[in-house]
Structure formats: structure tokens, C-alpha cells
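For ligands, and for the atoms within them, numbers begin at 1 and follow the listed sequence. These numbers come from the heavy atoms of this one structure, side chains and all, not from hydrogens, waters or symmetry mates. The chain is numbered in sequence order, starting from 1.
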Amino acid sequence: MNIINFPPNITTTEKAANEVSRLLIVDDDIVLARSLQQLTELVGYQVKVCNRGVEALALLALESFDLLLLDLVMPGMDGHAVIDNVRRDFPQIPIIVVTATGTVSEAAQSLEKGVYDFIRKPYEPAELLRTIENALAKSQLERIQAVTSSKLDHYENLNHYLVDSSPDIIYTLDEKGRFTFVNKRVFSLLGYLVDELIGEHYSMLVYGEDIDAAKYAFRAQSSFERATYNVELRLRCQSDREEYRYFDISFIPILNTAHVDHIGEGREFLPLKGSYGVARDITERKKVEYAMAYQAHHDMLTGLPNRTLFNDRLEISIAHARRNHHRLAVLFLDLDRFKWVNDTLGHIYGDELLKNVASRLKSCLREGDTLARIGGDEFTIILPEVPNKDDVPMVARKILATLEQAFVLDNREINISASIGVAIFPDHGDTIDALTKSADIAMYHVKWKGKNGFMQYDSSMDSIFHQKMSIESDLRKAIENNELELYFQPQVDVNTLKVVGLEALTRWHHEDRGWIPPAEFIPLAEEAGLISMLTYWLIKQVTIQHHRMQKAGFGDISIAVNVSPESVLKHDFVSNFLLSLRSENIANEAIEIEITENIIMQDMENSILKLNELSRQGVKIAIDDFGTGYSSLAYLQKLPMHSIKLDQTFVHNIQFIGQELPIVSAIIGIAKGFNLKMIAEGVETTEQMQVLKSLGCSVMQGYLFSKPLPMSGVLAMLRSQDRLFA
Ligand code: C2E
Ligand code: CA
Ligand code: CA
């Protein structure tokens, strides 16, 4: 790399205009020399005289002179030798020969050597002075020219240096778009040699997808007058045509009138017409921008598009469908048991499961479809074109089927399912929001209908949806404001006709809608993530009420509480539960937990763990709705149960269908065999009671004895117990 000093050090060779010129006269004839000196001093020159050629050269080496007046014939070194020396060592000093002897050929010879003029003695003073003046003027002019051209040389070097060492690619194109110049930076940035590009069309450098943008910019530039243009393009690397870097390119057109001076020999690169441009490498900045944009548009866990990108894609799909008059589908998918996995197995399992679900879902879709994760366990799908009515159900069924196979995480099998809502453009909405909302509403209906399935949106779903949604928010308030109530249904020993236990049942009196049955709001609470809150409330209330019973002298009657699986399987359920009992000073044995058979079957391992923990602490456990699930004797052995509750349906069917009897009697047999307490639920008639009693079941619960009552009612009943069921 050539280093150039700046500013250029060239002013020293210039001579100020008002400075007096210095002459040197060289002549062996002293008299003549003196008269010449007098003449020239008279007009203002500074003059020195010497009589020998050698002396003259020595003086020239010491001092600076502007002109030499030289005699040819001298002893020792003659005038010719002086001329040769001066031309060689001081080429800028003009020489005028003043001689008496010179022949024409001598004169010609001296002029050839670069002598300014040849004057014969005796000279005409005026002519001589004019000649001196002219010689000085010419030499001055030459000096100025020399300075100027050295300045130009300098600037040209500087230009080349700056151009080649620029961090940017600098280029010119001719009017057809072919490279006429490009600096060396193109090699370090893209790997091309300068010579490879000269004469080539710019498009050979432009990355395929950006060709149109490049052409557009190039055309715009050729059709408008002078201005700067800007375009961002990807330019291909020489080594790999698919590799590229990003450039921010600024360029200006070069017009016919462009005045291009002194570009330097062999470097005539500016065309008369075309463009001049600077391409700045912005690859690093772009990488950061892309990383940020990726993060803004993707879910980091699964790598799927997030809600923002989903919305973008849906907008494009809608516009496309509208233009082409076709239908598109939005699927809203919510995993059914995800919260449970997260709560009971932990977030690491939850995350792993989501990743696995994402990849299974992807395998059900085609390339043009979009799968996005827009929330914890919520996925959305765009099917941009659905020509046939059956297309969407087919995809939905495929998804449900692929989720049906158990996921194996860390050697553990996990079963989940999904609820899918479907909305079709334009039937169920023609905007992003409308379609997504319709699909969401349809998804909720699948949840309410028992999950694991799909439904297409229908306008009749709206009112139910809004009702449920408002109930949901009311329920939250009700729990927070302690507006729910606990009722208690007695469990009666039919042999003694005494109340041996109570089942706590939650009641919600909604100020506008009246009584809302638990069968309706408990699933809602589960869906809305309110169930833990409800369970804590429930346990608190139960302990308070049991305390009341103790004070009334009925502390030996236990209370059973229904706990939803979501709560029971939570890691801190057992400790929280025991803590609540302790804070009200309730014996662990006083509270029984009812858990449905189906729940246990869903996650045996965890259930056994939790129930064992409770049982070890003295808490009693009842299996609710016994006989409705896949009752297996194997699990009865593993579970620390105290009682089983015969499901109401068996009880109700006793009097109608004789065939139920063997089943009921078998269940009662099982309870006996395992030494479990048996409670028959929903006993409404004395007939039912008598049949059950004859089969060996003694504890019963049902309207025949009492409906669920508030604690005050229960206490009143217990006080008059002796007279009650007699
Ligand atoms: P379950 O545990 O099977 O409760 C028994 C249900 O049968 C209660 O309905 C009760 O009122 C009703 N019942 C009692 N005797 C008779 C009868 O002779 N005939 C008929 N037809 N029904 C009778 P309820 O209170 O509406 O509760 C429904 C379900 O809601 C309960 O079923 C239970 O699974 C759930 N549940 C109630 N309270 C809570 C609670 O606090 N937490 C949780 N997690 N679930 C609750
Ligand atoms: Ca129950
Ligand atoms: Ca039950």
C-alpha cells in the first residue's frame, strides 16, 4: 500500500511573482561582463559575474539563479561544456548564449542542447534585455506547469489510493449496465477479480431474487435526471452462486455532459454515459436485523411462526383467496391435557411435549400450510386453499389421529388429545380477527362437548360462547368474593339409620342466572385455570365447617370433598391440603377425598404416588363414580382406598333392569373382598334401598334420605337424628 502525505508538499518549488530574478553572467572578458552586468542591473535584475566555466558551476551549486548569460569561448572549460553540465544538473535554468565568435552551426548546436537563445556580440541592449525577459517568462511558465502537473499526479495517486482502499465497492457502469470500472474491494468482499467484471453486465452480481429490484433501480436511474439513487441488494459471492452478502448501493447517473478531466494514463474508466455507484456491505447489520425479526416472528421453543407471523400470513392468504374466489380454512387447536402435564410433570416435560406435538402437527400439513403456536398450548393452522368440503375434516382427523399415539418422554408414556375448531373463509369471517375468533369459538365448543375432536364454526355457537365466557369471568369473581356456597349431603348407615358422613357439594347462585349446577361450572373452572383456586377455597370451607360440627358435638362425622384431578395431581397439593387441616385444627382422618375412577386411570403412576402420600397421613380416599370406568382389579390393589362409591346409574337402574343386579352385586363383592367401605349414590326410593341393603351395602346417599343441605340444615338434622329416618 502506497502512503501519500497530505496535504501535498509542492509549494516550495513555486516562485513568488514579485521576487527579483537573479542572473549569472559567465564570460572570460571582464570588461564585457561588467558592462553586461551594469546593463541588466540597471533594469532591476540581481546579477553575479564570473570568468570561468568551473567557477560558474560551483556558484550554481551554491546559489539559485533564474538565468544564465554565457560566453562560448573561454579558457579551461568552454561554454559548450558549461551548457552540458547545466542542462544535466539544473535543467530548469534557461541559458542565453552571448558570444562574439559563434558560427551558425555553433548556434544551431547550442539551441539543440536546449539553450534559450543565441545572441551575437556586440549586442543590441534592448534586444538582449527583451530576450532575457522572454526567457525568464517562459521559464516561469514552465515552472508553474511543472507544479500543476505534479499536483495532478499527486491527486490522481490519492484518488486511486482512496478508491482502492475504500471499505465500499466503488464502480461505474456504462449506459447498458456493464462494468467499466470497479475497485479492488470487490475481491475482498465478494471474491471477484477486477478483470473478471470489467465489461460484464451488473446482473451477473445480483442475487436471483433481487434481480427485479436491481433492474427497477437501474431503469429509474436512466430515465430521470441527476439525483442519487439508493437500493438494497444482495450480491452473489464468486465462490458459491447461492451465497451472498447484503449491500446498500448509492449511485448517480453520469450524463453526456459529465466533464471528466485528467483521470490518468491507462485509467480512462469514467464512461460518458452510465452510472457511478458505491456499494456498502451491510451484511452484519442485516444479520442482526434478521435475527431480531426472526425472534419477533417465531416462537422460540418450537421454531414455529408466532401470532404476529400467523396474522401476517393469514392476511396474505385472505387477500389471495378473495382475489381468486376460493375458500381457506383456519384451524384453532388447543391441547386437552397440557396444563395437567405442565402442573404434574413440570415445565421441562411440558416444553418437550410441545416440541413433539409441533413436529407431529407439521407432519400432517402440506408445504403451503402455516402452523403457528400462538399461546401456551394453542396452535393455529392456515390451510390456504380448500377446494373440497371434505378437505378440512380430513386434515383435522389426521391431526387427532396422530396425537392419539402416546408420546414417550424420558421413558414415560403421556397421552394427550386436542380440541380443534374450524373456520372457513368467507363463510365464517373475512378478516383475520373474525376467522380466528370463529375458529376459537368452535374449539371451545369441542371442549364443552367433551374435548378430543373437531367442530366447524356455526353462528349459533356465538351466544353460547358469550354466555360461557361471561360465566367464566363471573365465576372468577365469585371465587374471589367468596360467593360460592357449600352444601352437604348426608351419607347414612341404613342399619343404624345414623349419618356417618357428609359429602360437600359446591353451589353457585349467580345473581342473574340463578343456580348454576357444578356439573356446568366445574368444567368451566378447569378450562379457565380457576380450578386450583376453587379447590383451595373448597378445602378452606370444609375445614371451617368441620370445625363448626366439632363444636356442635359431631366431630366424629367425616366430610368428603370432591377434588378435581388437576388439583390433586399438583406437586404441592398434599402439603397444602394438610396445612389447611392443621390451621383449623382438624384431624386428617376427618376429611375424605373423592376422586373419580377415570382420573386415576389417566395417570396411574402419579395418582398412586399422591394418594399414597395422603393415605399415609391418615386422609381417607374414596373412588367416585365407581363402575363407570375401566375398573380393573389390578389397580384396586395398588391404590390406598378406603371406600368406593357405586355410581348413581347402577342404583337408578336397579328397579328397571334386572340385569344390573349381578353387576351391582359383583361390585359390592369386590368392596367386601378388598375390605372397603361401600357407598351407594343417588338412592331415591325405598325399593332401591332395600335391594342394595339385601345385597350387603349399608351406607347410602341420596334424595331418599336428604338433598344436599347448607351446614345449618345439616346440624339441625343431626340434632334430631334419632327421629329422622326411622
Ligand atoms: P358427584 O360427586 O357424583 O356428586 C353427586 C351428585 O349427585 C350431586 O350433584 C348430588 O346433588 C347429586 N345427587 C345426590 N343424591 C341424588 C339423588 O338421589 N338423585 C339424583 N338424581 N342426584 C343426586 P351436584 O351437586 O350437582 O354435583 C355434580 C357433580 O359435580 C358431583 O358429582 C361432583 O363430581 C361435582 N362437584 C360438586 N361439587 C364439587 C366440588 O366442590 N369440587 C369438585 N371438584 N367437584 C364438585
Ligand atoms: Ca362425589
Ligand atoms: Ca359420584
**P708, portion touching ligand 1 at heavy-atom distance under 4.0 Å** = side chain
For residues 301-311, tabulate all N or O donor-acceptor pairs below 3.5 Å that involve a side-chain atom, not counting sequence neighbours.
from	atom 1	to	atom 2	distance (Å)
T302	OG1	D299	OD2	2.3
T302	OG1	L304	N	3.2
N306	OD1	T308	N	3.1
N306	OD1	L309	N	3.1
N306	ND2	A296	O	2.8

**N, O or S from N562 under 3.0 Å to the Ca ion (ligand 2)** = yes
**Message:** Within the 4.0 Å heavy-atom shell around D625, which atoms of ligand 1 are there?
**Reply:** 3 (O)
**Asked** Quick one: does Q701 get an N or O within less than 3.5 Å of an N or O on ligand 1?
**Response** no
**Request:** Examine all N, O or S atoms of D624, backbone included, and report whether one is under 3.0 Å from the Ca ion (ligand 2).
**Result:** yes
**Prompt:** Can you say whether the rings of W448 and H445 are parallel (under 30°), tilted (30 to 60°) or perpendicular (over 60°)?
**Reply:** perpendicular
**Item:** I522 and ligand 1 - part of the residue with a heavy-atom distance under 4.0 Å
**Value:** side chain
**Item:** Qualifying side chain to side chain donor-acceptor pair (under 3.5 Å) pairs, either residue in residues 512-523, two or more places apart
**Value:** S470-R513
**Request:** May I ask you to check whether E589 and S558 show a side-chain donor-acceptor distance below 3.5 Å?
**Result:** no
**Asked** Which atoms of ligand 1 are found less than 4.0 Å from any heavy atom of Q489?
**Response** 14 (C), 15 (N)
**Item:** Shortest reach to atom 3 (O) of ligand 1 by a heavy atom, considering only Q648, E681, E594
**Value:** E681
**Item:** Proximal ligand 1 atoms for D624, defined as those under 4.0 Å from one of its heavy atoms
**Value:** 2 (O)
**Asked** Looking at CG of L333 and CD1 of I381, how far apart are the two atoms once the value is rounded to the nearest 0.5 Å?
**Response** 6.0 Å
**Prompt:** Does E681 pair with K645 as a salt bridge, N-O distance under 4.0 Å?
**Reply:** yes
**Message:** Between D334 and K447, does any side-chain N to carboxylate O distance fall below 4.0 Å?
**Reply:** yes
**Request:** Have a look at V683, N562, V542 and point out the one with the heavy atom closest to atom 43 (C) of ligand 1.
**Result:** N562
